[in-house]
Amino acid sequence: MSKILKGTMILTGATFLSKFLGMIYTIPFEQMVGAEGIALYFYAYTPYNILLSLSTLGVPMAVSKFVSKYNSLEDYQTGRDMFKSGMQLMAVTGIVAFLFLFLSAEQIAIHSLSMDEGSAAKVADVTMVIKMVSFALLIIPCMSIIRGFFQGNESMAPTGISQVIEQIVRIIFLLISVYVVLYIVEGSRATAIGFSTFAAFIGAVASLLVLAIFWKKRKPHLDKLVEQQEYTYDLSKKSMLKELLGYAGPFVLVGIATPLYQVIDQFTFNQAMSEAGLGEISDSSLSAIHVLSHKLVIIPVTLGIGLSLAMLPAITRSFTKEYMTQLNQQINQALQIIALLILPAVVGLSVLAYEAYGSFYGTYKVDYFGTLLRWYAPVGLFFALYTVTSSILQGINRQNFAVVSLGSGLLIKILTNSWFIVEFGAKGSIISTGLAVLVAVSLNLWRIHRAIDFSFKQVYKRTLLIAIISTIMAAVVFVVQWSIGLLWNPMESRLAAFFILVLGVGFGGILYMWMAYKTTLLERILGGRVRFLDKFLRRSQRG
């Protein structure tokens, strides 16, 4: 279990830092380009994310599972052979995906805009930014498979560090290029957004260089494992790719789950808002939900992403060797960690939604945009659960069910999205997404139970305790929020919003951790590693 926690900490920490940086940069970015610029950015990134997942064919995580499986059988050569074949495959699919996105950019732009928005100038702007982001598809597939290979060898640092470097380089290039275009050469907003999306290519190059350094450093150790092995399954290239793609297919669906829900909004949101008589605030609402609010909500979701990446090799190994008791413990711990860390985070974000939005993006219409964030926050928990439960299914060789669960969720999103937007306004899109992802998660949990006779009794009991503690925490945070709000209105002052946010997060976080520790919840879920808190608590009690 220590390897799962160690890997989770490395990947979660790196992913959290990466996403945190991705959230912070939106503050100056939004100030420079405005809501219309953010909407342009969204139009480019949603189809890009889908093509990115399709171009990798789910191979990176499938590689992690493949390598972990054959390493557990002490056949290291097969993993190396597959890695070489996978790199060749990724180079081809990356080029194909780049050409498809680049050449279809205009058609995507036309279908993304509502009838009253579809002017030639607006279509040209969206087309240009989509073409600019497409160049990253030439590099990222190959980069991703290297990460998957390291993860399969239970080496999480290369993925974590390369993610952070990629994000830092991308953000630096993005902000500098946007500033230069808008304020030095006085170019158009569309040109600035084009360079901001091209930053994905620059970041990918930096990440690839970091991974190359790790490869050079780790290769002697990996070569030694191959030399020492006594037996190889000697699979043909065709057999390896067939097995790899068998794992990979459902991974594609997991990778594009969030972008697929977003692309449904991209093609239906503006038209539905126009029908609801809200066309004037359609662009700003779309950017507020899927870019600005999503940047805040994705922070707790990274915990689920890090956990799923870290636990997949361990669950695969336990399932392959038929260690069913250990497998059940690993799945139990994974689901409980999600509840322990993400449930209070989304509850806190819902309570402090106005303050969070106002702190990062200003108080302009914060009552409206903050409400959208408050509705969107709980959806983050569902996305995290979907990622983790899908990884569990893949670990126990039930990955094909991801097609059923995601397909069911997408069908609900398609059927309800425009209807809910017309009925409830912009938040109807959020309600539709939440309902869809919740159905997908429920189906995944049902399949896990049926596949290995997994009992959710312990998960239910501890999640109930976590929910009670989170409710108490939310009540305390609300009192802090209300008390300070009487003297200093966060709806009018960005500084007030930030002050209340910091105090609310501080009080709420400390109270939650204290209650979780005192009820022995932390120790039961995370193990004896939390006992180091004893000395701090005893010291505070003596003081």
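Values below: all heavy atoms of this structure, side chains included; hydrogens, waters and symmetry mates excluded. Residue numbers run from 1 in the order of the sequence given.
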Checking N270 against D283 for the side chain to side chain contact (heavy atoms under 4.5 Å, CB included) test, could you report, in this order, the C-alpha distance in whole Å, the side-chain angles of both residues, the deciding distance, and whether it holds? CA-CA 7 Å; N270 289 330; D283 265 354; 4.1 Å; yes

Show, in sequence, the C-alpha distance, side-chain angles and deciding distance for V441 and V437, and conclude whether the side chain to side chain contact (heavy atoms under 4.5 Å, CB included) test is met. CA-CA 6 Å; V441 169; V437 182; 4.3 Å; yes

Assess the residue pair T197 and Y41 against the criterion (side chain to side chain contact (heavy atoms under 4.5 Å, CB included)); give the C-alpha distance rounded to whole Å, side-chain angles, the decisive distance to 0.1 Å, and a yes or no. CA-CA 7 Å; T197 58; Y41 185 83; 4.0 Å; yes

Give the C-alpha distance, both sets of side-chain angles, the deciding distance and a yes or no for side chain to side chain contact (heavy atoms under 4.5 Å, CB included) between F267 and V263. CA-CA 6 Å; F267 292 147; V263 83; 3.7 Å; yes

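Among L340, L341, I342, the one residue that satisfies the side-chain contact (heavy atoms from CB on, under 4.5 Å) test with I338 is I342. Each of T371, T363, L501 was compared with Y354 under the side-chain contact (heavy atoms from CB on, under 4.5 Å) criterion, and only T371 meets it. For the side-chain hydrogen bond (donor to acceptor under 3.5 Å, both in side chains) with S207, the lone residue among Q163, R170, R147 that qualifies is R147.
A salt bridge is absent between E30 and K295: the closest approach of a Lys/Arg side-chain nitrogen to an acidic carboxylate oxygen does not fall below 4.0 angstrom.
Separation of atoms CG (N489) and CD1 (I484) is listed at 12.5 Å; rounding is to 0.5 Å. To the nearest 0.5 Å, the span separating OG on S442 from OH on Y386 amounts to 12.5 Å. If you take OG1 on T191 and CE on M128, they are separated by 4.5 Å, rounding to the nearest 0.5 Å. Rounding to the nearest 0.5 angstrom, the gap separating the CG atom in N444 from the CD1 atom in I392 is 9.0 Å. Residue H290 holds its NE2 atom at 6.0 Å from OG1 of T433, rounded to the nearest 0.5 Å. A distance of 8.0 Å separates CG of L286 from OG1 of T46, quoted to the nearest 0.5 Å.
Between the side chains of Y261 and N417, no donor-acceptor pair of N or O atoms lies under 3.5 Å. Inspection of the Y368 and S285 side chains reveals an N or O donor paired with an N or O acceptor under 3.5 Å. For the residue pair Y361 and T26, a side-chain donor N or O sits within less than 3.5 Å of a side-chain acceptor on the partner.
Residue-environment remark: CH2 (W488) exceeds the threshold of 12 foreign heavy atoms within 6.0 Å. By the 6.0 Å contact criterion, CD on E280 is open, its count of non-hydrogen atoms from other residues, nucleotides or ligands being 12 or less.
Side-chain atoms of Q336 and R524, non-hydrogen and from C-beta on, never get closer than 4.5 Å to each other. The shortest side-chain heavy-atom distance between D265 and K413 falls under the 4.5 Å cut-off. With a 4.5 Å cut-off on side-chain heavy atoms, F456 and L335 count as touching. Using a 4.5 Å heavy-atom cutoff, the side chains of Y25 and I172 are not in contact. W446 places none of its side-chain heavy atoms less than 4.5 Å from the side chain of T389. Residues S350 and V347 have side chains not in contact (no heavy-atom distance under 4.5 Å, counting atoms from C-beta outward). Using a 4.5 Å heavy-atom cutoff, the side chains of L438 and L385 are not in contact. Counting only heavy atoms from C-beta outward, the side chains of L372 and Y357 never approach each other to under 4.5 Å.
Residues I412 and S432 share a closest heavy-atom pair of O-OG, 4.2 Å. Residues V169 and A206 come closest through the heavy atom pair CG2-CB, 3.6 Å. Closest approach of P259 and I50 over heavy atoms only: CB-CG1, 3.5 Å. Between V346 and A377, the closest heavy-atom pair is CG1-O, 3.5 Å. Residues V291 and F42 come closest through the heavy atom pair CG2-CB, 3.6 Å. Residues V178 and A192 approach most closely at CG2-O, 3.5 Å, considering heavy atoms.
Side chain of T387 to main chain of F383: a donor-acceptor pair is present (N/O by atom type, distance under 3.5 Å, no hydrogens or angles). Under a 3.5 Å cut-off, the side chain of S196 and the backbone N or O of I193 do form a donor-acceptor pair. Between the side chain of S293 and the backbone N or O of A288 there is at least one donor-acceptor pair closer than 3.5 Å. No side-chain donor-acceptor contact under 3.5 Å links S483 to the backbone of V480. Judged purely by atom type and a 3.5 angstrom limit, Q458 has no side-chain atom pairing as donor or acceptor with the backbone of N332. Remark: the backbone N or O of A39 is not paired with any side-chain donor or acceptor of S287 at under 3.5 angstrom. Formation of a donor-acceptor pair under 3.5 Å by the S177 side chain with backbone atoms of L174 is found in this model. A donor-acceptor distance shorter than 3.5 angstrom exists from the side chain of S405 to the backbone of A402, with no hydrogens or angles considered.
Ring-centre distance between Y45 and Y48: below the 6.0 Å cut-off.
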